[in-house]
Amino acid sequence: MVELKEFKEFKEFRLDSEKIAQELAKTLNLPYFDLRIVKPEIDALKYVNRELAERIKALPLKKEAHNLLLAVVDPYNQELQNLKQSLENQGFKVNLAIISPDSFEIGKKEYEFLKEKRLSYIKTFEVNQKIFQDVQEKIKRKEELQNIIKTLIRDDPFSILDYLLAGAVKFTASDIHFEPYEDIVIIRYRLDGVLYDILSFPKNIYQLLKNRIKVLSGLMINIVNKPQDGSFSIIFDSQNIDIRTSVIPSFYDESIVLRILNFANSLIEIEDLGLRKDDLEILNRAIYQPNGLVLNTGPTGSGKTTTLYAILLRIKRPELKIITVEDPIEYRVKGISQSQVDESRGFTFAYALRSILRHDPDVILVGEIRDKETAETAVQASLTGHLVLSTLHTNDSLGAIPRLISLGVNPKLIPSALRVVIAQRLVRRVCFYCQEEYTPDNNLKKKIQEKLENLPPRTKVNFDLKNFKLIKGKGCEKCFETGYKGRIGIFELLEITKDLEELIYQKPSEAEILRAVRKDFVTLQQDALIKALEKITTIEEVERITGTL
């Protein structure tokens, strides 16, 4: 009888707890959730570590693109405001919802599933949180990081890796390069696509550092004459950051590259890629078709996969079946079936694509078309009711059609299948904090005018070609003294028109295609120049990426 009474009191207490949460949500005009019914998404939980979640009673419930839904017990918690700011600094739009304390206790159990999922594919490196916090808050310039690590070489070499990783996160580096020479090892960060020397240290220190990286990445310490690839993960301040490790033998020692993948910062909306309004209209015409082939061309590291995923996010709907086959999977997106090529087991792009078609997808992303079988299967799929997105390694959009023909695709099928070819590169943005205007000399001004005087009518620009200024960055602590911060795409779109269809049947060269489309075509260099005149990038960056004017 006593037990029944206690149970009733507990039940009434829980009902009161939920009622209070409901009233709070109603007062603040925020949504309310009962986590007995609605479970947090496992992939959302990784953006707030469990220790922090328990401290401030906050759980990520759902993540869609840049939107993160955060369920909280106390919306006035000061530490919650810090977390919200941290997530927003990573590019998230954070929306709050209210839950009860009981709901939080139920919801936090989902972290166990996150732990199981993470351990199934990647090892977590427990970084020194104080080191990371100190670097984020106190280090402003490269020289300050250098001085700390120089001290560590003498006093605490074991902590060097923590500081190098913390510095990479602080300065948003995409890679850390360890390059051994006869007597020293040079460490370099890749920032916005460009390598910068950080520091050097003696070879004896490198042995300790190298072995630690190998152990963390699941690699064999005793293998030094063969390439090895591995990975590990770090968690810092609600950020989940994966590190891909590549080790190759070099003349003096093994060379290491750590690729830093911060998934919270990666996926972006299609409007933020850098496409002009007229190019976006061309792309939209292609991607909203029920079938067809959309190709993206450019070298490695030019942002092709980011663009294709921006397209997927734009067209993604519950009623569409979207399947990808990639090598490797660079983004993880809920609602999209993703598979990874494994050529050692015969799971090639061509084999995977044939298998995918049996699942009756509406949209297919093929990481790369590199052989005849993949090319022919992709074309056939696009002709039989599927929208196919893929990449092709050519220098520009004009080279895609000759490349498909050289791979063995029947030219008579290409006009019916191909909708648009994208070519792209990435240019660095001028730092917002240290940019300054200047007037170009007459020689440079004339070159720019000659390049842009014949832009097609569809290209609307917001500058005066007869009277304009350019900008450059002086360099400051915000941009690692480079004058640049972040990157943006430059694009060249080749739309398959009726006139071009007739030409394709004749197996045209790139020059012949250019002559056919010239009146309505904007080149990569022209798009880059437009961005320079719109004060987004510099002329030096335009020439670095697209060649001299």
Side-chain angles (χ1 to χ4, degrees), residues 43 46-47 90 114 117-127 132 160-180 185 187-196 198 206 209-221 223-224 226-236 239-250 254-268 299-306 308-309 324-333 338-345 347 349 365 367-368 391 426 487:
D43 285 337
K46 66 186 179 184
Y47 296 103
Q90 297 171 45
L114 175 64
K117 181 178 179 182
R118 289 177 55 75
L119 289 175
S120 68
Y121 72 93
I122 197 165
K123 182 176 180 179
T124 303
F125 169 33
E126 297 295 336
V127 298
F132 265 66
I160 291 175
L161 183 59
D162 295 77
Y163 275 95
L164 286 173
L165 289 169
V169 172
K170 164 75 175 182
F171 297 114
T172 62
S174 61
D175 306 87
I176 308 175
H177 290 245
F178 299 79
E179 301 178 353
V185 175
I187 309 297
R188 303 206 282 174
Y189 284 168
R190 187 179 293 278
L191 303 171
D192 296 325
V194 178
L195 283 169
Y196 294 92
I198 300 300
Y206 185 52
L209 195 59
K210 183 179 69 171
N211 289 345
R212 191 179 185 204
I213 291 171
K214 281 187 169 184
V215 170
L216 288 171
S217 306
L219 305 181
M220 301 296 291
I221 293 177
I223 294 178
V224 296
K226 294 181 180 179
Q228 295 190 78
D229 294 314
S231 61
F232 61 95
S233 179
I234 61 177
I235 298 175
F236 167 67
Q239 297 181 68
N240 186 81
I241 303 167
D242 283 1
I243 313 293
R244 303 274 173 86
T245 306
S246 175
V247 182
I248 62 171
S250 64
E254 291 176 287
S255 178
I256 299 176
V257 175
L258 302 181
R259 169 65 56 87
I260 300 164
L261 301 173
N262 189 343
F263 293 106
N265 297 338
S266 299
L267 285 173
I268 60 177
T300 301
S302 59
K304 299 187 299 296
T305 303
T306 300
L308 293 182
Y309 263 91
T324 77
V325 52
E326 306 167 68
D327 184 24
I329 296 172
E330 295 188 32
Y331 302 112
R332 302 166 195 160
V333 181
Q338 298 170 280
S339 56
Q340 183 163 317
V341 165
D342 186 350
E343 295 193 356
S344 65
R345 298 183 180 181
F347 193 66
F349 278 116
L365 187 154
E368 183 184 347
T391 69
L426 295 173
R487 289 189 289 177

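Here the closest heavy-atom approach between residue Ile329 and residue Gln340 is recorded as N-OE1, 3.3 Å. Between Leu209 and Leu164 the shortest heavy-atom distance is CD2-CD1, 4.3 Å. For Ser255 against Ser250, the heavy-atom pair with the smallest separation is N-OG, 4.1 Å. Minimum interatomic distance between Leu426 and Gly301 (heavy atoms only, all atoms of both residues): CD1-O, 3.7 Å.
Side-chain polar atoms of Thr245 and Ser217 form a donor-acceptor pair below 3.5 angstrom.
In this view, Ala168 and Ala173, Ile176, Tyr189, Ile260 satisfy the side-chain contact (heavy atoms from CB on, under 4.5 Å) rule, not counting sequence neighbours. With sequence neighbours left out, Asp175 forms a side chain to side chain donor-acceptor pair (under 3.5 Å) with Arg259. Under the ring pair (Phe, Tyr, Trp, His ring centres under 6.0 Å) criterion, Tyr206 pairs with no residue at all, not counting sequence neighbours. Partners of Asp342 by salt bridge (charged side-chain N to carboxylate O under 4.0 Å, His left out), not counting sequence neighbours, listed by chain and number: Arg345. Among residues two or more places apart in sequence or in another chain, the side chain to side chain donor-acceptor pair (under 3.5 Å) test is passed with Thr391 by none. Remark: Gln338 engages Tyr309 in a side chain to side chain donor-acceptor pair (under 3.5 Å) (not counting sequence neighbours). Every residue was checked against the salt bridge (charged side-chain N to carboxylate O under 4.0 Å, His left out) condition with Lys170, not counting sequence neighbours, and none meets it. For Pro227, the side-chain contact (heavy atoms from CB on, under 4.5 Å) criterion is met by Ile248, Pro249, not counting sequence neighbours. Applying the salt bridge (charged side-chain N to carboxylate O under 4.0 Å, His left out) rule to Glu326 yields no partners; only residues at least two apart in sequence or on another chain are considered. Scored by the side-chain contact (heavy atoms from CB on, under 4.5 Å) test, Ser174 finds Arg190 as partners (sequence neighbours excluded). Arg487 meets the side chain to side chain donor-acceptor pair (under 3.5 Å) test with no other residue; sequence neighbours excluded.
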>> For a side chain to side chain contact (heavy atoms under 4.5 Å, CB included) check, start with the C-alpha distance between Phe178 and Lys210, then their side-chain angles and the critical distance, and finish with the verdict.
In response: CA-CA 9 Å; Phe178 299 79; Lys210 183 179 69 171; over 6 Å; no
>> Under the criterion side chain to side chain contact (heavy atoms under 4.5 Å, CB included), I'd like the reasoning laid out for Gln228 against Ile223: C-alpha separation, chi angles, the key distance, then a yes or no.
In response: CA-CA 9 Å; Gln228 295 190 78; Ile223 294 178; 3.7 Å; yes
>> Please evaluate residues Leu161 and Leu216 with respect to the criterion side chain to side chain contact (heavy atoms under 4.5 Å, CB included), reporting the C-alpha separation (whole Å), side-chain torsions for both, the decisive distance (0.1 Å), and the verdict.
In response: CA-CA 11 Å; Leu161 183 59; Leu216 288 171; 3.7 Å; yes
> Checking side chain to side chain contact (heavy atoms under 4.5 Å, CB included) for the pair Phe132/Leu165: CA distance, chi angles, key distance, verdict?
Replying inline: CA-CA 8 Å; Phe132 265 66; Leu165 289 169; 3.8 Å; yes
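For the pair Glu179 (side chain) and Val185 (backbone), a donor-acceptor distance under 3.5 Å is absent. Within the 3.5 Å criterion, the main-chain N or O of Thr324 finds a donor-acceptor partner in the side chain of Ser339.
For the pair His177/Leu195, a side-chain contact is recorded, criterion being any heavy-atom separation below 4.5 Å from C-beta on. Looking only at side-chain heavy atoms (C-beta outward), Phe349 and Glu368 come within less than 4.5 Å of each other. Side-chain contact between Ile243 and Ile241 is present, with at least one heavy-atom pair separated by less than 4.5 Å. Contact annotation: the side chain of Val325 approaches that of Val341 to within less than 4.5 Å [non-hydrogen atoms, C-beta and beyond].
With rounding to the nearest 0.5 Å, the separation of CG in Leu191 from CD1 in Ile198 is 6.5 Å. For the atom pair OG of Ser246 and CD1 of Ile256, the computed distance is 9.0 Å after rounding to the nearest 0.5 Å.
Between Glu254 and Lys214, at least one side-chain nitrogen of the basic residue sits less than 4.0 Å from a carboxylate oxygen of the acidic one, meeting the salt-bridge criterion.
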